[in-house]
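What follows is a short report on a single structure.
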Amino acid sequence: MTSKIKRTNSEALYEKAKTYFPGGVNSPVRAFKSVDGAPLFMKKGKGVNVWDEDNNEFIDFCCSWGPLILGHRNEKVFQAVVNAMDNGSSFGAPTALESELAELILSNNRFIEKIRFVSSGTEAVMSALRLARGYTGKNKILKFDGCYHGHVDSMLVNAGSGLATFGISSSAGVPEVLAKETLVLPLNQIDALRACFEEHAHDIASVIIEPIPANNGLLLQEKTFLLELRKLCTEYNVLLHFDEVISGFRVGFEGAAGLYDIAPDIITYGKIIGGGLPVGAYGASKEIMGMVSPDGPVYQAGTLSGNPVAMAAGIAQLKECVKPGFYEDQEERTKYFVSAINNHAKEIGFDFQLVSVGSIFWLSFDGKTTIRESARINSDMAGFRKLFNALLDRGIYIGPSGYEVGFISQAHTKAILDIAIEKFCDAMNEVM
Ligand code: PMP
């Protein structure tokens, strides 16, 4: 069942784009491969709404895959960007804006003392892995099956057979010798984790984890598992790396580290930190960050790192996020939305649940609310595909993949959520 919305202009633009870009896109999930039909080409966003090139209007729950926590074209972010741009877009020299954003972050975060700005989440992770290796003098990295950390070579690996296996590259172009430097474990399994540390910790530089895994469904981890991970890392001198590209500034200003009150050694950020412009960052203690060039021997640089326009957008956005009550309000509206939809699903006997944390939600089919490991997700996304298209027909846009999460922004007021709830319930009635 494909959506019935008008796509004439999107289809024409897609045909043209396919002649220029692999798959017609500059990032794969945009190609709508798993939900049928041509991808929608967006023209405009304001508040909760986006408009595509055929003038279809949607209430947007993708929010650029997370960065837009204030909604589209927020007035404060817009003015900050215009003002910064007015002074020139880039200098390749330091500006006061970089320190202003750093101060805003560091003075409201108990877990990192110094930070380095880069231009994407992938770049942040790549740099943080190098830092961990440089600081510890060890080579292996432990990651978890089901967590995504960007397209860093050594993170494009799958688990082989058995527990604590050496990684097998999941992308052509990643040398097996590199993949073997990554160990892969299932999430949330304390015994496997302990066994892996006993055998390999002497070779492991860092353990990287999405403390709130949100790239393969929403695989909420038991706090005991995260606490055990922290304990083992301390015991065996392995650095704990929280990849908070999604959860950072999303589940609280201090991200998942703050939410669980667990102190990682290195944190990576992206998405929200740049107010919708391309910014990533990694941070750690002064001692660990002291290893980064030019203070230390771990090289890392960037022509557009700390770009003034992007910094200005990040400052404007995070100044709103840091206000008292911001996250409580986000969570309250998300719970309102999620529980109304879940109640309706129950009423009509639709085997479906929205699972949420903070202002993140995931559409979980088969009534599975507590999936903690990626292997347990039902890979048959037929239910998602149907609901996605029924939602499009009713003016609701969510990310075009059943593995991805949705986001609630400050612009999603209760009045707008009421409209969205009605449309959502109507879509569920249709696909039942
Ligand atoms: N880490 C995590 C946890 C992510 O969710 C993502 C992107 N979804 C990345 C890293 C990579 O970030 P980017 O797409 O900005 O390179």
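Start at 1 and go down the list; that is how both ligands and their atoms are numbered. Note that these values count all heavy atoms, side chains included, but never hydrogens, waters or copies made by symmetry.
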Donor-acceptor pair between Thr2 and Asn389 side chains, under 3.5 angstrom:
no

Which heavy atom of the protein is the closest neighbour of atom 6 (C) of ligand 1, given with residue, atom name and distance?
Val245 CG1, 3.6 Å

For atom 9 (C) of ligand 1, the protein heavy atom that lies nearest, with its residue and separation:
Gly150 N, 3.7 Å

Between Glu210 and ligand 1, find which residue part has any heavy-atom pair under 4.0 Å and reply side chain, backbone, both or neither.
side chain

Within 45° cone and under 6.0 Å: Lys43 NZ/CZ vs Trp51 ring:
no

Of all protein heavy atoms, the one nearest atom 15 (O) of ligand 1 is Gly121 N, 2.9 Å

How about Phe225 and Tyr260: are their ring centroids closer than 6.0 Å?
no

Around atom NZ of Lys33, are there more than 12 heavy atoms from other residues, nucleotides or ligands closer than 6.0 Å?
no

Any N or O of Lys271 closer than 3.5 Å to N or O of ligand 1:
yes

For ligand 1 and Val125, I'd like to know whether there is a polar contact (N/O to N/O, distance under 3.5 Å).
no

Counting the benzene-type ring for Trp, do Tyr148 and Tyr403 have ring centres under 6.0 Å apart?
no

Are Phe61 and Phe424 close enough that their ring centers fall under 6.0 Å?
no

Hey, is ligand 1 close enough to Asp243 that some N/O pair sits below 3.5 Å?
yes

Near Ile246 (heavy-atom distance under 4.0 Å), the atoms of ligand 1 are 5 (O)

Please find out if less than 6.0 Å separates the ring center of His412 from that of Tyr336.
no

Output the list of atoms in ligand 1 that are nearer than 4.0 Å to some heavy atom of His149, sorted by atom number.
1 (N), 10 (C)

Backbone or side-chain N or O of Thr122 under 3.5 Å from ligand 1 N or O:
yes

Counting only heavy atoms, which portion of Trp65 has something under 4.0 Å from ligand 1: side chain, backbone, both, or neither?
neither

In plain terms, say whether Lys46 and Asp60 are close enough for a salt bridge, that is, a side-chain N and a carboxylate O under 4.0 Å apart.
no

Can you tell me which residue and heavy atom of the protein come closest to atom 5 (O) of ligand 1, and the distance to 0.1 Å?
Asn215 ND2, 2.9 Å

